[in-house]
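Residue indices begin at 1 and follow the sequence shown.
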Amino acid sequence: MLLRQAPGIRCDGQFLSAPDGTPLWVSDTEPGSVHDITAAREHCLPALYKAAADGLPTLADSGYQGAGIGVYHPFKKPKGSSHLQLHPDTQTYNALLRGVRPSGERAAAELKERWRTLKRITLSPECIDALMRAALVLNGMWK
């Protein structure tokens with residue numbers, strides 16, 4: 001599964017996708033000022049911890065650093081330094097994650113490209129929630 005920030009301009013949500021890029025779930029939206037990890041802790045991390053205990057890993061982007069057990073994310077470089085200053089093991093780990101994530105990233109592209117109304121949303125969070133859920137259902141029927 002891939003944990004990712006959902007598309008949108010003023011508000012952010014979280015979504016999960018299958019390894020093949022099929023969107024599986026979207027959360028309620030949060031104001032754009034809410035950090036990814038804060039929104040994830042509220043909406044989806046408790047369920048992902050249970051999945052991790054059952055052996056199902058979750059890949060995430062670097063905004064989820066510190067998410068906890070079973071959530072794999074790339075490590076950020078230290079501020080003011082080159083990415084080459086990362087330990088070679090960390091560089092390799094990041095490269096492996098970059099190689100695996102594109103199939104899951106397909107979900108964001110699929111939602112934003114197939115349902116173009118999601119590209120530039122400036123509605124209230126309640127309206128965005130309804131649009132995201134409708135797009136998720138319609139996307140499942142489309143396939």
Is there side-chain contact between L48 and I69, with at least one heavy-atom pair below 4.5 Å?
-> no
Here the gap from K77 atom NZ to T90 atom OG1, rounded to the nearest 0.5 Å, amounts to 14.5 Å
Looking at CG of N94 and CG of D89, how far apart are the two atoms once the value is rounded to the nearest 0.5 Å?
-> 11.0 Å
How close do R41 and G66 get, heavy atom to heavy atom, and via which atoms?
-> NH2-O, 3.3 Å
Results of salt bridge (Lys or Arg N to Asp or Glu O under 4.0 Å) for R133 - residues two or more places apart only = D28
Heavy-atom closest pair, residues L86 and K76 = CD2-O, 3.8 Å
Can you get from V100 to F75 by hopping between Ile, Leu, Val, Met, Phe, Trp and Tyr side chains that sit under 4.5 Å apart?
-> yes
Considering residues at least two apart in sequence or located in another chain, which fulfil the side-chain contact (heavy atoms from CB on, under 4.5 Å) criterion with L97?
-> L59, Y72, P74, Y93
V26 and L136 have their tightest heavy-atom pair at N-CD2, 3.9 Å
How many angstroms lie between atom NE2 of H43 and atom OG1 of T38, to the nearest 0.5 angstrom?
-> 10.0 Å
Tell me the salt bridge (Lys or Arg N to Asp or Glu O under 4.0 Å) pairs involving residues 44-59, sequence neighbours left out?
-> K50-D54
List the atom of Y64, the atom of H73, and the distance in Å for their closest heavy-atom pair.
-> O-CD2, 3.8 Å
Yes or no on side chain to side chain contact (heavy atoms under 4.5 Å, CB included) for W25 and C44, after CA distance, side-chain angles and deciding distance?
-> CA-CA 10 Å; W25 172 83; C44 60; 3.5 Å; yes
